[in-house]
Each structure stands twice: as C-alpha cells, then as structure tokens.
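This report refers to the structure that appears directly beneath it.
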Number of protein chains: 2
Amino acid sequence: MPDSAIRPRKEFGKTIAADITHRLREEIIACALAPGEPLRFDVLRERFGASFTTLREALTALAAEGLVDAQEQRGFRVAPVSRQDLIEVTDARVLVEVELIRRSIQRGDDDWEIAVISTLHRLKRIEQRDPEHPLRDPEWKIAHRQFHQALVSACGSATLLAIRAELFDRAERYRHLSANFRPRPRDKAGEHQAIMQAAISRNADLAVQLIEAHIRSTADNVATYAAHLLDTE
Amino acid sequence: MPDSAIRPRKEFGKTIAADITHRLREEIIACALAPGEPLRFDVLRERFGASFTTLREALTALAAEGLVDAQEQRGFRVAPVSRQDLIEVTDARVLVEVELIRRSIQRGDDDWEIAVISTLHRLKRIEQRDPEHPLRDPEWKIAHRQFHQALVSACGSATLLAIRAELFDRAERYRHLSANFRPRPRDKAGEHQAIMQAAISRNADLAVQLIEAHIRSTADNVATYAAHLLDTE
DNA sequence: CCAGACCTAATTTTCGAAAATCATACCGTT
DNA sequence: AACGGTATGATTTTCGAAAATTAGGTCTGG
C-alpha cells in the first residue's frame with residue numbers, strides 16, 4: 001500500500017470529503033478508532049490532512065450511518081458499542097437479509113448465480129492460503145463482504161440494499177471488536193458453502209434458515225468473546 | 001450571550017447545521033423544493049442565510065437519508081422521484097413497520113397504550129376541525145406522524161426506529177407529491193381507528209394486516225394521482 | 001469545606017475568500 | 001457542417017482565520 005506521502009490527495013474523481021468519509025469508515029469498522037473515542041479536530045486534521053469543515057462533513061455523513069455519534073456543540077466521537085446495540089443490529093440484519101435472500105433467490109438470473117459462485121470461490125482461495133486470522137487480512141474482508149453482497153444483489157431494491165450495507169458495516173465492527181480475543185475462528189467456510197448451495201438450488205427456506213443461523217452465531221460469538229468490552233459502558 | 005434584537009439564528013442549544021438540516025428536510029418532504037431540482041449554493045445561501053460549508057454539511061446529512069442526491073463535483077439536487085423508488089420505499093416500509101408493530105404489541109405497556117390512544121385522539125380532533133386538505137395542515141402532519149410513531153414506539157429497537165423514520169419521511173414526500181392532484185382524501189380516519197383498536201386489543205395479526213393495507217393503499221393512491229410526475233424521469 | 005460565580009484555555013462551529021472543477025461558447029481545422 | 005481543442009464564466013469544493021461555545025480551574029462568600 002502506498003505511503004501517505006505518496007498517496008494522492010484523493011481517490012479517483014471524488015471529493016476529498018467523500019474520500020475521508022471512506023477512510024474514516026474503514027478505520028472505525030476495523031476498530032483502529034476505538035468505540036466511544038472522542039474525535040477531536042486537531043487530531044483528525046493531522047491524521048487525515050484536511051481542514052475543519054471537510055472533516056466535519058465526513059463526520060456528519062458517518063453520524064447518519066450510525067458509526068459516529070454527534071454531540072451537538074460538543075464534537076463527535078466514535079459510536080459507542082453495547083450489548084443492546086449488538087442485539088439490535090443483529091435483529092435488524094436478520095430481518096433485512098432474510099427478505100433480500102428470498103427476493104434474490106426468486107429473481108436471480110445466470111449472472112447472479114455466477115457472481116455467488118465466483119465470489120465464494122475467491123473467498124475459499126484466500127482462506128486456504130492463510131487460514132489463521134481472516135479478519136486481519138484485508139483481502140479476506142473484501143472477499144467476504146463481496147460474497148454476502150453477491151447473495152442479495154439480485155433482490156431488486158437499491159433502498160433495502162443501502163440499509164443492508166449500513167447494518168453490515170455496523171456488524172462488522174463488532175466482529176473486529178471480538179477478533180482479538182477469539183481463540184480460533186469457527187468453521188465459516190462450511191457455512192458459506194452451504195448457503196451458496198441452498199441459494200443456487202433455489203431452496204429459499206433453507207437459505208434463509210442458514211443465513212439467520214450464520215448471522216446469529218456470529219453475533220453470539222462476539223457477545224461471548226467481547227463481553228468485557230460490552231458491559232462496561 | 002448577545003440578546004440580539006433580531007430573531008435567533010438557530011434553535012437553542014443546537015448547531016446551525018443541524019437546524020438547517022431540519023428545515024431543508026421539511027421543505028423537501030413538503031415538495032417546496034421539487035424532486036430533481038438542483039440545490040445551488042447561491043440560492044440556498046440567500047434562502048437560509050448560512051455559509052457554503054454549513055449548507056454543505058446539511059446537504060451531506062440529507063444525502064445519507066436519501067432525500068438529497070449528491071453528485072460528486074457537480075453539487076447536490078433534491079432526490080428525484082420515480083415509480084421504482086416509490087415501490088421500493090413502500091416495500092421496505094411494509095417490511096419494517098410490520099415487524100415493529102408486532103414487537104410493540106408484544107412489549108407495549110400501559111404508557112404505550114395511552115400514547116397510542118391519545119395521539120389518535122388528537123389526530124381525530126384536528127380532522128374534525130378541518131377535514132379538507134389534511135396534508136396542507138402542519139398540525140395534522142405532526143399529529144399523523146406522532147400517531148404512527150406511537151404505534152411502533154414500544155418495539156425496543158432504536159436502530160429499527162431510525163430506519164423506519166427515514167422511510168416514513170421518504171414516503172411522506174410522495175404523499176405530498178400527489179396531494180395537489182388527489183380529488184378527495186379517502187377515509188383515513190376509519191383506518192387509523194381500526195389500527196388503534198387492533199393494537200390495543202393485542203391482535204397482532206389483524207394490526208399487521210391493517211397497517212400493510214394502509215401503507216400500500218396510500219402508495220397506490222400516489223402512483224395513481226401522481227402518475228404524470230413519476231413516469232417522466 | 002462546599003456551592004456557585006467568574007475567568008481562562010481548549011475545542012467546536014461558522015464564515016467568506018481562494019482554489020479547484022465543471023459547463024459552455026468560441027474558434028480554427030478538416 | 002462536424003469535430004476537437006481551448007478560453008471563459010459559473011459553480012462547487014476546500015481552506016484557515018475568526019466567532020461561539022464548552023470545559024476546567026480559581027476565587028469568594030457562606
């Protein structure tokens with residue numbers, strides 16, 4: 001990855017504000033910025049090399065996504081975590097994801113099947129290469145995200161996909177939170193494989209059941225291994 | 001604190017940006033700013049009396065809510081409307097609202113019942129007073145919003161309530177869109193009464209059925225009377 | 001010693017100028 | 001006339017100084 005000195009001021013054709021929103025989002029999801037941590041402008045200014053107002057715009061956008069907590073006249077902080085919030089995010093994810101899987105299975109065409117199969121294939125490849133700590137591998141994170149994205153991509157509702165994406169981000173932050181304390185990842189590969197097969201064979205009820213179990217067991221895992229981070233709030 | 005003779009620039013304790021976000025949201029929902037209309041800074045600056053960056057922050061927040069469309073490097077515009085978007089918003093609302101009604105009916109306590117009954121009462125009072133064009137009456141709009149809010153308020157999930165609120169706003173904009181062309185409002189009072197009774201008597205299945213019909217028939221109404229505004233996009 | 005008013009420093013929030021980018025009209029060439 | 005490049009004006013985007021607000025510490029009176 002390019003050094004920050006070499007890195008262009010902003011990504012392809014986009015505004016600096018949008019770029020910083022993206023970078024901040026990644027850092028918050030990865031818990032490089034800890035939950036509840038104050039986001040002071042001096043610090044951010046130095047870290048991201050942007051002005052007050054540009055940073056403010058990025059923080060406002062992330063506040064609307066639920067990753068940042070805006071305290072009027074008292075600045076911003078990384079959205080705190082809690083057991084209650086984890087439960088809410090999990091339940092909301094199940095509600096939305098189940099609906100989108102059903103729609104995608106009903107509406108998905110050949111391209112959808114190909115996307116599901118190929119994104120799973122890539123995910124498994126990466127897991128074979130280094131089965132240790134998947135969440136620490138940026139490539140695994142991207143591949144994992146793309147597989148789940150592909151599963152629901154044929155649902156036909158940009159509105160619900162946007163909501164799903166926000167909930168996915170918030171859930172991923174909790175996964176990172178517990179990643180450092182989890183002794184060994186469970187058998188996600190097998191779960192993903194089963195979900196893919198249920199989806200491709202158009203077995204909606206089975207796919208829905210597997211997805212719900214997948215989401216809930218991940219959340220349970222977080223609740224167990226990050227318990228000490230969730231109760232002190 | 002300078003007690004200026006002029007009216008206060010903002011609501012007490014809030015930032016100007018938050019205040020402008022609120023005012024812009026109201027105007028977009030009410031279609032005082034037409035769908036698709038470009039939001040140029042000179043114009044907004046004069047209308048809202050704020051600087052570029054403050055306005056930019058407000059527009060960014062509204063973009064995250066789906067009421068404004070940010071076109072990188074080419075400014076902002078009011079989010080366009082379309083038949084497809086109306087369908088998506090309606091379906092998403094049904095999905096979320098049905099879930100929240102179920103939870104509220106299961107969990108609601110005495111205070112919840114009181115809130116449902118009293119907000120409906122107020123709504124009916126306002127309708128009696130002036131049964132003509134409810135959407136043009138700010139008081140009716142607030143009362144209507146508060147009744148529906150009360151119905152789901154006991155669901156126990158701030159996360160889902162926030163998602164619901166965004167979808168409600170987007171749907172309300174469509175209602176305003178058709179309000180000018182609808183010959184006569186249908187019998188909403190009766191529908192609200194029936195929903196309240198089903199909720200209070202803890203008949204979840206009936207309440208869900210009524211809510212879904214309520215949402216869908218409203219959307220159908222919009223699709224009919226605002227057809228000429230939805231197809232040209 | 002405590003409560004509360006006051007002052008100062010730290011921090012956020014807002015502003016308008018300046019830089020960057022986009023849209024359009026103009027011009028010369030094929 | 002069609003095309004492509006370029007200058008020009010319009011508009012957005014970014015910046016850092018300045019204003020506004022909060023946080024924290026000090027002093028005073030009871």
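Note that this is a predicted model, so its numbers are computed, not measured.
- For the pair A:Arg45 and D:dG16, the criterion of a side-chain N or O lying under 4.0 Å from OP1 or OP2 is met.
- Listed by chain and residue number, nothing satisfies the ring-ring contact (aromatic ring centres under 6.0 Å, His included) test with B:Trp112 (two or more places apart in sequence, or in another chain).
- Residue contacts shown for B:Thr54 are limited to sugar-phosphate atoms, with no base heavy atom under 4.0 Å away.
- Of the candidate nucleotides C:dT14, D:dT14, D:dT12, D:dT14 has the atom lying nearest to any side-chain atom of A:Thr15.
- Between the CZ atom of A:Arg40 and the P atom of D:dA23 there is a distance of 10 Å, given to the nearest Å.
- To the nearest angstrom, P of D:dT22 lies 18 Å from CG of A:Asp42.
- Every pair passing side chain to side chain donor-acceptor pair (under 3.5 Å) that includes a residue from residues 26-39 of chain B is listed here, sequence neighbours excluded: B:Glu27-B:Arg47.
- Distance CZ (A:Phe41) to C1' (D:dT21): 13 Å, rounded to an integer number of Å.
- Using the six-membered ring where Trp is involved, A:His148 and A:Phe168 have ring planes that are tilted, between 30° and 60° apart.
- At the phosphate of D:dT12, neither OP1 nor OP2 sits under 4.0 Å from any side-chain N or O atom of B:Arg56.
- For A:Ala50, the listed nucleotide lying nearest its side chain is D:dC15; candidates were D:dT13, D:dT11, D:dC15.
- No donor-acceptor distance shorter than 3.5 angstrom exists from the side chain of B:Thr54 to the backbone of B:Ala50, with no hydrogens or angles considered.
- Nearest-nucleotide mapping onto DNA chain D: of A:Arg74 and A:Ala17, the residue sitting toward the 5' end is A:Ala17.
- Distance, B:Phe76 CZ to D:dT13 C1': 9 Å, rounded to whole Å.
- Applying the side chain to side chain donor-acceptor pair (under 3.5 Å) test to pairs two or more places apart or on separate chains, those with a residue in residues 165-177 of chain B are A:Thr159-B:Arg170, B:Asp85-B:Arg170, B:Asp85-B:Tyr174, B:Arg145-B:Asp169, B:Arg145-B:Glu172.
- For A:Phe181, the ring-ring contact (aromatic ring centres under 6.0 Å, His included) test picks out A:His228, with sequence neighbours left out.
- Residue B:Asp19 contributes atom CG, which lies 17 Å from atom P of D:dA20 at whole-angstrom precision.
- Among residues two or more places apart in sequence or in another chain, the side chain to side chain donor-acceptor pair (under 3.5 Å) test is passed with A:Arg164 by A:Glu97, A:Gln149.
- Atom CD of B:Glu72 and atom C1' of C:dA23 are 18 Å apart (whole Å).
- A straight line from NZ of A:Lys14 to C1' of D:dT12 spans 17 Å, rounded to a whole angstrom.
- B:Phe52 comes within 4.0 angstrom of a nucleotide base, judged by non-hydrogen atoms across all strands.
- In the set D:dG16, C:dG16, D:dT12, C:dG16 carries the atom at the smallest distance from any side-chain atom of B:Ser51.
- B:Leu39 has its CG atom 13 Å from the C1' atom of D:dT11, to the nearest Å.
- At a non-hydrogen distance threshold of 4.0 Å, nothing from residues 57-71 of chain B comes into contact with DNA chain C.
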